[in-house]
Structures are given as structure tokens and as C-alpha cells.
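Predicted model, so just to flag it, every value in this text is computed and none were measured. Atoms within a ligand are numbered from 1 in the order they appear, just like the ligands themselves. The figures that follow rest on heavy atoms only: side chains count, while hydrogens, waters and symmetry mates do not.
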Amino acid sequence: MAYSIDLSGRIAFVTGASSGLGAQFARTLARAGAGVVLASRRIEKLKELRARIEGEGGDAHVVELDVTDHDSIKAAVAHAETEMGSIDILVNNSGVSTTQRLLDVQPEDYDFIFDTNTKGAFFVAQEVARRMIARAQGAAPGSFTGGRIINIASMAGLKVLPQIGAYCMSKAAVVHMTRAMALEWGRYGINTSAICPGYIDTEINHRHWETEQGKKLLAMLPRKRVGQPQDLDALIVMLASDQSHFINGAIIAADDGFAV
Ligand SMILES: NC(=O)c1ccc[n+]([C@@H]2O[C@H](COP(=O)([O-])OP(=O)(O)OC[C@H]3O[C@@H](n4cnc5c(N)ncnc54)[C@H](OP(=O)(O)O)[C@@H]3O)[C@@H](O)[C@H]2O)c1
């Protein structure tokens with residue numbers, strides 16, 4: 001018999017689903033059977049994705065979310081649960097980057113990166129975890145089958161890279177945040193792990209690969225290639241599934257060997 005993973009009956013909340021990795025994570029989880037909540041600021045993009053997922057036979061719902069706004073986080077998670085049911089899987093993916101040397105980083109640049117990548121990711125996870133823990137504590141024995149929090153950090157959280165030092169710092173914090181969550185929330189049946197992608201061709205960097213600097217960077221990569229969003233499909237489905245119940249606090253590099 002072929003090995004398979006079925007996420008039917010599970011609800012996944014995907015932040016930053018309007019483009020790049022988030023859009024691909026949402027489509028992949030929907031294909032595996034999960035109902036998906038598509039969350040970010042660009043509602044029109046989310047609606048296009050919802051139509052695509054529904055066209056593929058999946059179940060998706062759109063919710064507006066700005067992870068830098070605490071009220072928006074609370075409202076989006078509450079709205080998602082009202083519409084789709086309790087969240088089983090969080091893909092904590094929203095993120096931003098800037099390219100600048102450390103000496104050029106202004107307080108507003110620092111806040112822009114950390115408010116989204118670190119503080120935003122933390123409070124989204126906290127809001128979802130609160131609800132998962134309430135279910136775990138209130139559930140009849142055996143009825144809460146466990147939650148999954150998958151933080152999208154970066155290989156830049158493991159290895160410092162030039163020109164994006166502040167981004168590296170913000171993602172290193174996500175790596176440690178993942179371990180802290182795994183330690184505190186594991187006892188409630190929540191498994192928290194981080195994916196640290198290497199360079200993947202998305203909106204965040206697409207134009208960079210055409211520049212001289214981008215070409216130089218490409219030449220430095222172990223196999224002289226950037227990944228595609230679908231290169232993370234198997235990993236996201238595995239971490240979202242019941243089969244990953246023994247994986248907690250794992251920091252998984254998916255970077256074609258760049259961080260070694
Ligand atoms: N591509 C790579 O090479 C790579 C490598 C390692 C890690 N990552 C990480 O992977 C994640 C996804 O990046 P990507 O490559 O897919 O980039 P992307 O295409 O630019 O997507 C970024 C997503 O974040 C969302 N976002 C930004 N600010 C937000 C906010 N304030 N509130 C809610 N959502 C917000 C955007 O949605 P809206 O604009 O609609 O709000 C967008 O959907 C990021 O955390 C990034 O750091 C990417």
C-alpha cells in the first residue's frame with residue numbers, strides 16, 4: 001500500500017496566503033484535504049486563491065489580517081473559527097524583508113521587519129494556541145487530537161547573510177520562539193516546529209535574481225539554483241499531519257544545503 005497523508009476534517013489557518021509560499025502552502029494543505037483559512041491584507045489576491053482552491057475541489061475561506069495590529073489578529077482568528085471551525089493547524093508565514101547594511105537601518109526599518117516577522121508571528125501563534133489549549137483542557141478524553149504550529153522562519157535565521165542583517169535577526173528570533181512554544185505548549189498536545197527555507201523564487205525576491213547582485217548570490221548557492229514554492233509541499237503536509245506527533249520544537253532547514 002502506498003503511504004499517504006490525509007488532512008480531511010482539519011482546519012488550517014495560513015497567514016500571508018496572498019502570494020508566494022503562503023499561497024502554495026494553502027493550496028497544498030487543501031489538496032491534502034484540509035479546510036483552509038486564507039489570511040493577509042490583500043483581500044483580492046486571497047479571493048483569487050480561494051476561487052482556485054475551490055476549482056480544485058477544496059474548501060477555503062478568506063479573512064483580512066494585518067499581523068502588526070493586535071486587534072486584527074484577534075478578530076481574524078475569531079472570524080476564522082466562526083466560519084470554518086476550530087483551527088487545528090497554523091502556518092505562521094507572513095513576512096517582510098529589506099535589503100540594507102546594518103549601519104543604514106533606521107528605527108522605522110527595524111520596526112517594519114520585527115513588527116511583522118517576530119512580534120506579528122508571536123501574537124498570531126499566541127492567539128491560536130490560547131484556543132487550542134482551551135480545547136485541550138475542555139475536551140473529553142481523546143476528542144482533541146492535537147494542534148500544529150508551523151512557523152516559517154528562514155535559513156537566514158540560522159546563518160547570517162550580508163545586506164539583510166536585520167531580517168536575519170528577526171528570523172533567528174522566530175527560531176528561538178519556536179523552541180519556547182514547543183517547550184511551553186507541548187504538554188497541551190500542540191506541536192510547534194519551524195521551517196527554514198533557503199532561497200525560493202517568490203514576490204519577496206523575484207526581481208533580485210535579475211540583478212548583478214542576485215546573479216552573484218545565485219553563483220554562491222551550493223547547487224546554483226533557487227527553489228520553487230512547491231519544493232516545500234511534502235514538508236508542510238508532513239508537519240501538519242497527525243503523523244508528526246513525535247516532532248516538537250524541530251527547526252528544519254529546507255535550503256538545498258545552503259546553511260550547512
Ligand atoms: N522566498 C524566500 O526565499 C524565503 C526564504 C526563507 C523564508 N521566507 C519566508 O517565507 C515567508 C513567505 O515569504 P514569501 O517568499 O512567500 O514572500 P511574499 O510572496 O512577499 O509573501 C509575503 C506574505 O506576507 C504577507 N504579509 C506581509 N506583511 C503582512 C502583514 N502586516 N499582515 C499580514 N500579512 C502580511 C503578505 O500578504 P499581504 O501583503 O496580502 O498582507 C504576503 O502574502 C516569509 O515569512 C519569508 O520571510 C521566504
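Checking Ser97, Ala121, Gly95 against atom 22 (C) of ligand 1, the nearest heavy atom belongs to Gly95. Between atom 44 (C) of ligand 1 and the options Leu46, Val91, Thr68, Asn93, the minimum heavy-atom separation is to Asn93. Of the candidates Gly16, Ser19, Gly20, Ser19 brings a heavy atom nearest to atom 18 (P) of ligand 1. Closest heavy-atom approach to atom 1 (N) of ligand 1 within the set Ile200, Val14, Leu65: this belongs to Ile200.
When only non-hydrogen protein atoms are considered, atom 34 (N) of ligand 1 lies nearest to Ser94 OG, 2.9 Å. In terms of protein heavy-atom proximity, atom 13 (O) of ligand 1 is closest to Ile204 CD1, 4.1 Å. Protein heavy atom nearest atom 37 (O) of ligand 1, with residue, atom name and distance: Ser18 OG, 2.9 Å. For atom 4 (C) of ligand 1, the nearest protein heavy atom (residue, atom name, distance) is Gly198 O, 4.0 Å. Shortest contact from atom 46 (C) of ligand 1 to any protein heavy atom: Tyr167 OH, 3.5 Å. Of the protein's non-hydrogen atoms, the one nearest atom 32 (N) of ligand 1 is Val67 N, 2.9 Å. The closest protein non-hydrogen atom to atom 41 (O) of ligand 1 is Arg41 NE, 2.7 Å.
Minimum interatomic distance between Ile195 and Ala254 (heavy atoms only, all atoms of both residues): CG2-CB, 4.4 Å. When every heavy atom of Ser72 is checked against every heavy atom of Asp66, the shortest pair comes out as OG-N, 2.8 Å. A pairwise comparison of heavy atoms in Ile73 and Gly120 identifies CD1-O, 4.1 Å as the closest pair. Between Asn205 and Ile200 the shortest heavy-atom distance is ND2-O, 2.8 Å. Shown here for Leu49 and Arg27, the closest heavy-atom pair between the two residues is CD1-CG, 3.7 Å. The shortest heavy-atom contact between Tyr167 and Ile113 is CA-CG2, 4.0 Å.
Taking every non-hydrogen atom of Leu21 and a distance limit under 4.0 Å, the qualifying atoms of ligand 1 come out as 10 (O), 16 (O), 48 (C). Taking a cut-off of under 4.0 Å to the non-hydrogen atoms of Asp66, the atoms of ligand 1 that pass are 30 (C), 31 (N), 32 (N). Remark: ligand 1 atoms within the under-4.0 Å shell around heavy atoms of Tyr199 are 3 (O). Close approach of ligand 1 to Val96 (heavy-atom distance below 4.0 Å) involves ligand atoms 27 (C), 28 (N). In summary, the atoms of ligand 1 found under 4.0 Å from a heavy atom of Glu203, numbered by their order in the structure, are 19 (O), 20 (O). Heavy-atom contacts of Pro197 reach the following atoms of ligand 1: 5 (C), 6 (C), 7 (C) (cutoff under 4.0 Å).
A donor atom on one side chain and an acceptor atom on the other are not found under 3.5 Å apart for Asp109 and Thr98.
The side chain of Thr116, and not its backbone, has at least one atom closer than 4.0 Å to an atom of ligand 1 (non-hydrogen atoms only; side chain from C-beta on). When non-hydrogen atoms are compared, ligand 1 lies under 4.0 Å from neither the backbone nor the side chain of Val226. Heavy atoms of Ala153 found under 4.0 angstrom from ligand 1 belong exclusively to the backbone. Only the side chain of Asn205 comes within 4.0 Å of ligand 1, judged by heavy-atom distances. Contacts of Thr202 with ligand 1, taken as heavy-atom pairs under 4.0 Å, involve the side chain alone.
The CG atom of Leu21 lies 6.0 Å from the CG atom of Asn93; values are rounded to the nearest 0.5 Å.
Counting only heavy atoms from C-beta outward, the side chains of Arg148 and Leu239 never approach each other to under 4.5 Å.
The N/O atoms of Gly22, backbone and side chain alike, include none that comes under 3.5 Å of an N/O atom in ligand 1.
Using a 4.0 Å cut-off between a side-chain N of Lys or Arg and a carboxylate O of Asp or Glu, Glu83 and Arg50 do not qualify as a salt bridge.
Within 6.0 Å of atom CD in Glu184, 12 or fewer heavy atoms from other residues, nucleotides or ligands are found, so the atom counts as exposed in its surroundings. Annotation: Arg42, atom CZ; neighbour count of heavy atoms from other residues, nucleotides and ligands within 6.0 Å is above 12.
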Exercise for review: Might you work through the salt bridge (Lys or Arg N to Asp or Glu O under 4.0 Å) test for Glu81 and Arg135, ending with a clear yes or no?
Suggested key: CA-CA 12 Å; Glu81 293 214 334; Arg135 280 166 73 201; 5.5 Å; no

Practice item. Evaluate the salt bridge (Lys or Arg N to Asp or Glu O under 4.0 Å) criterion for residues Glu48 and Arg52: first the C-alpha distance (whole Å), next the side-chain angles of each, then the deciding distance (0.1 Å), finally the verdict. Key: CA-CA 6 Å; Glu48 284 167 27; Arg52 195 168 175 192; over 6 Å; no

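Within the structure, the closest approach of Thr15 to ligand 1 does not fall below 4.0 Å when heavy atoms are considered. Ligand 1 has at least one atom lying under 4.0 Å from a heavy atom of Lys171.
Between Tyr199 and Phe258, the ring planes lie tilted relative to each other; the angle falls in the 30° to 60° range.
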